[in-house]
Structures are given as C-alpha cells and as structure tokens.
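Presented below is the structure to which this report refers.
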Amino acid sequence: MKLKRTHTCGQLRRGDVGAEVILNGWIHSRRDHGGLIFFDLRDRYGKTQVIFDESVAKAAFAKAKGLGMEDVIAVRGPVVARSTENINPKMVTGEIDMSCTELEVLNEAEPLPFLVTDRESANEDLRLTYRYLELRTEQLQHNLITRSKIYQLVRSYFTGEQFLEIETPFLMKSTPEGARDYLVPSRIHQGKFYALPQSPQIYKQLLMIAGYDRYFQIVKCFRDEDLRADRQPEFTQIDVELSFVDEEDIFAIVEGLIGRLFKEIQGVQLPAAFPRLTHREAMERYGTDKPDLRYELELQEFAPFVEPSDFNVFKAVLKSGGRVKALVATGCARYSRKDIDELTAWLTRYHRAKGLAWMKAAGDGLEGGIAKFFGDDLQKEIITQLDVKEGDLLFIIGDRAKVALPALGALRVELARREGLVNTDEVRPLWITDFPLLEFDEETQRHVAVHHPFTAPHADDIQLLDTDPGQVRSRGYDLVINGHEIAGGSIRIHDANLQDRLFRLLGISPDEAEAKFGFLLKALRYGAPPHGGIAFGFDRLVMVLVGTGQIRDVIAFPKTTSALSLMDGAPSEVSEEQLKELGIRLDEKMKDSQ
RNA sequence: GGGACCGUAGUUCAGUUGGUUAGAACGCCGGCCUGUCAAGCCGGAGGUCGCGAGUUCGAGUCUCGUCGGUCCCGCCA
C-alpha cells in the first residue's frame, strides 16, 4: 500500500482542520449525490466522513463512484471544518470532514451476506458463519475492546498485589468427578489419553505446596457439557490461589479487584466490602444460591398459616417434611386467570413444581384461587404477617424443600422480569458462604462434592463427616453479582489424611484415589501450607461489565448451542492416517453416518 | 437425553381457510442528483419456500421424519 494512515478514523477533531492527513479503513456507508459523494470511513477507533467532490479531485472522485460498502481504502486530503448546519452531533468526529484528494483502493469487498451496520440484520447462524464480519459491528468491537481492558486491569491488579502469573498444562490427566472431560489421544502412548483441564485446580494447589504463595492465571478451561446462553464448552477463568490465608483474605483480595473493575469500566463505586449470605439463608429468602439483589420480592414463610386452614394439600406437604413458602407479587392482582395458568404451566414444566397456588388481595381479605380454604381471621393474619397490600397477588408453593424453594425462586426472577423490577444501572455483589460440603446424588446413590473434593469442611462440622455427612458445611464461597455466579472458590484441604477421608466419603476407593489423585495426596504429605483460592468465570464477568446476557457477545469465536463452530466447521472428520497414527478405529455406525 | 420456538429473494420479514404469476423493505445492478449522515428519486435483476417423504385434484400453508439455529430442563465437582 502506498498511503499509510497518519491518523485513525476516530481521531480527527476541529483542532485538526487544515492538516493534510491519510486515513485507512472500511467504507461503512456511502451517500452519492451525483457530483458529491460521502463515505463514512470506519476502523476500530471510530468513523470519519470523507468527501469526494468532482470539482476538487476528479480522479479520486471517479474511483470513489465505483466503490461500495466494506471496500477497504486509503484516502489522503485535508481536514476541513463543517459549516454549522452540517455538523453531526451524533458523531465525535462530526464537526469535520476529510476532503479526499487521493484515493487508493486496497481491497474491494464482494456483496455482503448481511449489513455490518446492523447486527440485527441477520440471524445468528449466518452471523456466526461470517463471524469476522459480525466482529466488525460496533457492539462486538466495543465488547472485545472492553474485554481486552479487563485482562489488563486484572493483570495489573494481581501483579500489584504480589501475585505471580504462572501457566499450567492444557494436556493433563483425566480425573473422575466433575464435568465430562475433553479427551486428547496420545500418539506416542497409543490407547492413552490426555484431558483438557476443566480448571487448573490441582496444579494451583501444587503451586501452593511448591511455595508460590500468590498465584493467578487467565486461563482457558474446557468442559464437555451442554451449552447455555451463559455457557460455552471452552471458556476463560481468572484462576487465583493463595497460601497462609483464610476466607477473609480471599474476600478482601476479590473485593479489591471487583471494585476496581467496576470503577474503571463502568464508573460505578462499589462498597469496600460486599454483603454476605449463608447458602441456607439465600435459599430461604431468594430460592437460589445466586440471588439478584437488585429487587426485593423475597420468599416468605407460609407454614404457620397452613395448620389453621382447610387446605389439605399443604398440610400433607408439611406432614411429610416439605416446605410451604409464599411470594407477594406487588400489584399483580390484575393478572388474569390465563396469566396465572401460564406461570403455573411454566413452573410445572421447567421447575418440577406440582402446582402454583394463589390468592388475590381485595378489600380487607383474600379472594380467588385457594382463598376459600382460609377463614376470615386467618386471611387477615396472612395479610398482616406477610405485609400484603390491596391489589397484590399472593403465590404459594408447597413441596419438598428441593422443589419448592427453587421453583419459587424462579418465579421471583420471572415476576421481576415481567414487572420491570430490575434497575439495570445497579450493581449488587454479594458473597454466598457456608455451602453444604456434600450432596446426595439420587442417580448414583452416593454423596458428591457440591464444590469439588478438595474443599475443606467447616471445622465445627468435621465430627459430622461420619455420622451425618449431608449436614457438613464447607469452607466454600461464591461471588454473585446481579444474579450471575461470577466466581467460586474455597479454602482447601491441606492435610493428606483428611483428603483421604473425603475421597472415601465420596465413594472413591483407596486404590482409585491412589490411581487418580495419588500425586496430590503424596504432595500434601511434603509440607502443604494452608491455602485457598477462587476462580472467576471471566466471560461472565465481562458479560456483566458490558451489560449483555449472552456469552457469545463477549467471545470472539464462539460455538453454537450444539458446540459447532459454524465458521470453520469444527468439529470435523479426520483422515484414516491421522486415526491410524493414534491407534483409533471408529465405530462402524459412525462411519456409516459420515 | 427431553421440551418450546424458528427456517420463504443476498438479508430481515409478510404470505388469509390448502387454490391464478409467492410480495415488501434493505442490499445488489443501471440511471438522475453538490451537503448527506437511515440521503433522495426512477428503473432492473434476484426464489430448490432448509432437506426428504406423505395426505390431497392441488402444499410455502396440513402430517411425519431429518438437518440447522435459539432458549430452557437434565447435565455443568
């Protein structure tokens, strides 16, 4: 190219008027007036309007005639001021034009599959197929530029706090527990496989044992599970681990980082310390372990009103050890029977609830739904105790605790969405603490780790490990922001005997523990310091910081819901030779389907 | 593994109860036009109605299957 840029397309201002400049970029849009042509020339820094005037530069004008959207050009000419009535207040460069005297066409673009000016102009599958075009859109450029800033802020924060950035292997040993591994076959050791890390958990604990007492890494992780709007099979974590610490040290470090990120990216000042909720309290009040605190609408205890009532369904629920809780939907008495039926259908379909009971507040009593099972005095008591106001709608769910609380929690989120209760300017971080250490898995009929098997049990509950493992609290914690689980971590077990005991509790035999985690158990015997850490879902953090609900909006080249890369066609078949080298033979059925 | 919604021109969509030649906007091509910034005006080209079967005298429309996308449940230590 002959004309190399002297400025970017977002740079020129009134003060540059008179300067001779060269700009390089893409033709974002063109407006042809016959003897006068306007281009908006775009690069990632912004847009500048370029004018081609037949009477000023005949050759450049003639070439510009034939150009169209997304052609790549270089233009030379003076910066000229716009007359007052021609100033475009919507553009930061709107007070000036660049009057082109020389034009070099760097590359002409074929007609586009969709408009780069408008992200909504194509379905997502088409945009993903031409992801490099979608990445030219303002929104995605903004998201990726912000993401880049966040990497830098994270690195400068942690290195400023004396953390070391250390890389850990991508080709590692497959371990049981947790998500399905992505496997990588070994050529040198045919029949054996590496696994891509679900997280660098064990490595960072080994780094603590090695004495690197403050470690962090911005690292890709891989989990072969089904996708969601906020979940990709490969994603990025900010992985952090510290030695000689307890929960308070971790919280302080994280609060410092999150505070700085929101200050720098959003200009929002967060409190120096974040509020904390125990897991139990979060479930009781919000029906979820990741509550969105930007709105109230808390779950309320309804059990006291069940016994004096005539509603036998709830009585039976309580008798069998279940829970009955309520949600007071402010001003929702206007909901029609159809609205309520829709909510009921949604809850039974997606949240395993058997039903959704309701009553409307009218006058000084309750009516509709199950109101007839509650006497006048009992209704008045409900209204007083639950602070029900005229025009409110009372939703009640009775079921096993595992169903009733999450279902009502889901209803809370849905009602907030419908009623527009979410203040999108607010940022509400909080810590969830005191998770249960173990959870009984019905399918495999054994206990599984709620967090992971290296999480330390709460000191007060260790004696319960053998008698009532389900009641043991862990030293795990989650950071939740606006209803998104942003980070999770724990104080780890640094005692080999306790770790051994945990493996046994999880139904991992001594032999298996030795085979799968022997290296960790051995390392714990060579002077392991007390340690703990946390891992951030980096993509989700970026989502919250740029204000999108879709993880694909913050990843340059994401996969579809079925884990395909529409642009390059991954995953794809490989040659017989490649398979042979790896000692792999495909199932006949798969060959047929190819 | 399961559920819901979607697939019509390059793109976004409309298309009535199953009925003549499947429309609009943007984009593209050609023409006019010297102050637009969603430029405007005139004209033109452009369709395997995702794919396959079925029902029917007749299918973009109904049924089944299949492929792809999105969202959700399960799953995600």
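Hydrogens, waters and symmetry mates play no part in the numbers below; they use all other heavy atoms, side chains included.
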- [ ] Could you check which residues of residues 47-66 of chain A get a heavy atom under 4.0 Å from RNA chain B? Sort them by number, please.
- [x]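 Here the set is A:Gln49, A:Ile51, A:Asp53, A:Ser55, A:Lys65.
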Task: Residues touching RNA chain B, which here means a heavy atom under 4.0 Å, drawn from residues 498-518 of chain A - done: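 Those residues: none at all.
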- [ ] Starting from P on B:rC28, measure out to CD on A:Glu108 and report it in whole angstrom.
- [x]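 Going from CD in A:Glu108 over to P in B:rC28 covers 13 Å.
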- [ ] Taking side-chain hydrogen bond (donor to acceptor under 3.5 Å, both in side chains) as the test, write out the residues that go with A:Thr236, two or more places apart.
- [x]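 Expected list: A:Arg147.
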TODO: With sequence neighbours left out, write down each residue that passes side-chain hydrogen bond (donor to acceptor under 3.5 Å, both in side chains) with A:Thr561, or none if nothing qualifies.
DONE: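 Listed in chain order: nothing, the list is empty.
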Open item on the list: Please enumerate all residues that pass salt bridge (charged side-chain N to carboxylate O under 4.0 Å, His left out) together with A:Asp16, with sequence neighbours excluded.
Closed with: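 Residues passing salt bridge (charged side-chain N to carboxylate O under 4.0 Å, His left out) with A:Asp16: none at all.
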Open item on the list: Restricting to salt bridge (charged side-chain N to carboxylate O under 4.0 Å, His left out), what partner residues turn up for A:Glu234, sequence neighbours left out?
Closed with: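 With neighbours one apart ignored, the set is A:Lys220, A:Lys559.
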State which residues pass ring pair (Phe, Tyr, Trp, His ring centres under 6.0 Å) with [X]; sequence neighbours excluded, sorted by chain then number.
X: A:Phe454; answer: A:His452, A:Phe517
X: A:His484; answer: none
X: A:His33; answer: A:Phe38

Task: Pairs involving residues 480-497 of chain A, ordered by first then second residue, that meet salt bridge (Lys or Arg N to Asp or Glu O under 4.0 Å) (sequence neighbours left out) - done: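 Of all non-adjacent pairs touching residues 480-497 of chain A, those that pass salt bridge (Lys or Arg N to Asp or Glu O under 4.0 Å) are A:Glu241-A:Arg492.
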TODO: Apply side-chain contact (heavy atoms from CB on, under 4.5 Å) to A:Leu171 and list each qualifying residue two or more places apart in sequence or on a separate chain.
DONE: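 Checked A:Leu171 against side-chain contact (heavy atoms from CB on, under 4.5 Å); matches are A:Val184, A:Tyr194, A:Leu196.
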Open item on the list: At 4.0 Å (heavy atoms only), tell me whether A:Arg352 reaches a base, stays on the sugar-phosphate, or touches nothing.
Closed with: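 Nothing, no nucleic acid heavy atom in range.
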Open item on the list: Classify A:Pro113 by what it touches in the nucleic acid, base, sugar-phosphate, or nothing, heavy-atom distance under 4.0 Å.
Closed with: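 Sugar-phosphate contact only - A:Pro113 comes under 4.0 Å of backbone atoms but never of a base.
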Open item on the list: Across nucleotides 66-72 of chain B, 5' to 3', mark each nucleotide with B, S or - according to how protein heavy atoms within less than 4.0 Å reach it.
Closed with: --SSSSB
